[in-house]
Participant: 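Supplied in structure tokens, the structure appears directly below.
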Amino acid sequence: TSPVHGGARALRLSLPDGTPQQHAGLVRQGGLPDDAHYSMFVWLPRVHTVRTFWHLLQFRSATGDPRPEADVHWALEVQNGVDGQMRIDLVQQRPVSRWMRFSGESGPPLPVGRWVHLEVRFVRGGPGAGAVTVWQDGARIHDVRAVETGTSAPLQWFVASIGENVSPGPVDMFVDDVTVSAVRLR
């Protein structure tokens, strides 16, 4: 049986072996507010070693422009700390070939075998006008302001497991009680 946080079912996202790059998840495009809290509960059954990347949530400005540098991507990325435990980093990708990492090494480890609440306040804005704040189980772990978070293109929000070189496989995660809200939920 799969774990359930609220209701009768949770969504299982699974990457068969974690390499090469694999994707599993859901996306919502357009109709999203410019300033909102995006929240989900995540259950990770075991510790994984992340050699390249593993994203649990992404925001993208989908410009439709064929130039990769036209899109702005933000993600919650799982990385292993020096102690081997999994932690959440906030990353920004622009242009597509370059990532900027806002490290969560000092943040709490991601728990294994229980639900963890991840919440992101995402404020859309052009250069110097956006903000991203991340909470894990109610504790703020990232707060980045005066950054570009998007363009006027429709915002895409991915609740996903997107990874490359993650082991051991399969790389499973369960997601439940996903919400978009004008206020913090916790």
Participant: Can you give me the closest heavy-atom contact between P111 and V116, atom names plus distance?
Facilitator: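 In this case the closest contact between P111 and V116 is CG-CB, 3.7 Å.
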Participant: Looking only at atom types and distance, does a side-chain atom of D89 sit under 3.5 Å from a main-chain N or O of V91, one as donor and one as acceptor?
Facilitator: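 No, the answer is negative, given that no donor and acceptor are paired below the 3.5 Å cut-off.
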Participant: Give the cluster check for L110 versus V178: same hydrophobic cluster or not, with ILVMFWY residues linked at side-chain heavy-atom distances below 4.5 Å.
Facilitator: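 The answer is yes; both residues are in one hydrophobic cluster.
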Participant: Any chain of hydrophobic side-chain contacts (each under 4.5 Å) joining I162 to V171?
Facilitator: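 Different hydrophobic clusters.
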Participant: Taking all non-hydrogen atoms of both residues, which atom of H55 and which atom of A75 are closest, and how far apart?
Facilitator: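 Heavy-atom minimum between the residues: ND1-CB, 3.5 Å.
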Participant: Decide whether L11 and L76 are clustered together by the hydrophobic rule: side chain heavy atoms of Ile, Leu, Val, Met, Phe, Trp, Tyr closer than 4.5 Å, transitively.
Facilitator: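 Linked within one cluster.
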Participant: Could you tell me which residues satisfy side chain to side chain contact (heavy atoms under 4.5 Å, CB included) with V123, sequence neighbours excluded, listed by chain and number?
Facilitator: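 V123 satisfies side chain to side chain contact (heavy atoms under 4.5 Å, CB included) with D35, R121, A131 once adjacent residues are dropped.
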Participant: Which value, rounded to the nearest 0.5 Å, describes the distance between S14 atom OG and F174 atom CZ?
Facilitator: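 With rounding to 0.5 Å, OG (S14) is 8.0 Å from CZ (F174).
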Participant: Listed by chain and number, what are the side-chain hydrogen bond (donor to acceptor under 3.5 Å, both in side chains) partners of H37, not counting sequence neighbours?
Facilitator: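 Once residues adjacent in sequence are excluded, the partners of H37 under the side-chain hydrogen bond (donor to acceptor under 3.5 Å, both in side chains) criterion are E119.
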Participant: In Å and rounded to the nearest 0.5 Å, what is the CD1 to CG distance from I88 to L118?
Facilitator: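 Result: 5.0 Å between the selected atoms.
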Participant: In terms of hydrophobic clustering (I, L, V, M, F, W, Y; side-chain heavy atoms under 4.5 Å; direct or indirect links), are W157 and L185 co-clustered?
Facilitator: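 No, W157 and L185 fall in different hydrophobic clusters.
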Participant: Which residue pairs pass the side-chain hydrogen bond (donor to acceptor under 3.5 Å, both in side chains) test with at least one member in residues 38-50, sequence neighbours excluded?
Facilitator: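 For residues 38-50: S39-H117.
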Participant: Is a side-chain donor or acceptor of Q92 paired with a backbone partner of E148 at a separation under 3.5 angstrom?
Facilitator: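 Checking the backbone N and O of E148 against the side chain of Q92, a donor-acceptor pair under 3.5 Å is found.
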Participant: Drop me the distance from L57's CG to E77's CD, to the nearest 0.5 angstrom.
Facilitator: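 It comes to 12.5 Å.
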Participant: So which heavy atom on L15 is nearest to which on A24, and how close?
Facilitator: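 So the two residues come closest at CD2-N, 4.0 Å.
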Participant: So which pairs with a foot in residues 126-142 pass salt bridge (charged side-chain N to carboxylate O under 4.0 Å, His left out), sequence neighbours left out?
Facilitator: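 Non-adjacent pairs meeting salt bridge (charged side-chain N to carboxylate O under 4.0 Å, His left out): R114-D137, D137-R186, R140-D143.
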Participant: Let me confirm one number: the CD-CG distance from Q22 to L13, rounded to the nearest 0.5 Å.
Facilitator: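 Reported value, rounded in 0.5 Å steps: 12.5 Å.
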Participant: For H5, which residues count as a ring pair (Phe, Tyr, Trp, His ring centres under 6.0 Å) partner, sequence neighbours excluded?
Facilitator: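 Ring pair (Phe, Tyr, Trp, His ring centres under 6.0 Å) check on H5 returns F41, W115.
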Participant: Is there a donor in the side chain of R87 and an acceptor in the side chain of Q85, or the other way round, less than 3.5 Å apart?
Facilitator: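 Note: R87 and Q85 side chains miss the donor-acceptor criterion.
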Participant: Residues two or more places apart in sequence or in another chain: which of them pass side-chain hydrogen bond (donor to acceptor under 3.5 Å, both in side chains) with Q136?
Facilitator: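 With sequence neighbours excluded, Q136 shows a side-chain hydrogen bond (donor to acceptor under 3.5 Å, both in side chains) to no residue whatsoever.
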Participant: Which ILVMFWY residues can you reach from V27 by hopping between side chains whose heavy atoms are under 4.5 Å apart?
Facilitator: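 Members besides V27, by chain and number: F158.
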Participant: Given Q156, which of R60, Q58, H73, Q29 fulfils the side-chain hydrogen bond (donor to acceptor under 3.5 Å, both in side chains) condition?
Facilitator: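 Looking at R60, Q58, H73, Q29, the match for Q156 under the side-chain hydrogen bond (donor to acceptor under 3.5 Å, both in side chains) is Q29.
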Participant: Do the non-hydrogen side-chain atoms of F59 and L155 ever get within less than 4.5 Å of each other?
Facilitator: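 When only atoms from C-beta onward are counted, L155 and F59 do touch, with a gap below 4.5 Å.
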Participant: What residues, two or more places apart in sequence or in another chain, satisfy side chain to side chain contact (heavy atoms under 4.5 Å, CB included) together with V112?
Facilitator: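 Listed in chain order: V47, M86.
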Participant: Are I141 and V42 joined in one hydrophobic group, where the rule is that I, L, V, M, F, W and Y side chains link up if heavy atoms are under 4.5 Å apart?
Facilitator: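 Yes.
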Participant: For A139, enumerate each residue passing the side chain to side chain contact (heavy atoms under 4.5 Å, CB included) test, keeping only those at least two apart in sequence or located in another chain.
Facilitator: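 For A139, no residue satisfies side chain to side chain contact (heavy atoms under 4.5 Å, CB included) once neighbours in sequence are set aside.
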Participant: How far apart are the closest heavy atoms of V4 and A10, and which atoms are they?
Facilitator: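 Heavy atoms of V4 and A10 come nearest at CG2-N, 4.1 Å.
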Participant: Strictly distance-based, threshold 3.5 Å: is any side-chain N or O of N80 a donor or acceptor partner for the main-chain N or O of V50?
Facilitator: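 Yes; at least one donor-acceptor contact below 3.5 Å.
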Participant: Can you see which heavy atom on M40 is nearest to which on L56, and at what distance?
Facilitator: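 Between these two residues, the closest heavy atoms are CE-O, 3.4 Å.
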Participant: With ILVMFWY side chains joined below 4.5 Å, transitively, what does V183's cluster contain besides itself?
Facilitator: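 None; V183 is a cluster of one.
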Participant: Return the set of residues passing salt bridge (charged side-chain N to carboxylate O under 4.0 Å, His left out) with R12 (not counting sequence neighbours), or none when no residue passes.
Facilitator: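 Here the qualifying residues are D172.
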Participant: Apply side chain to side chain contact (heavy atoms under 4.5 Å, CB included) to V132 and list each qualifying residue two or more places apart in sequence or on a separate chain.
Facilitator: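 So V132 forms a side chain to side chain contact (heavy atoms under 4.5 Å, CB included) with W74, L90, V120, F122, V134, T149.
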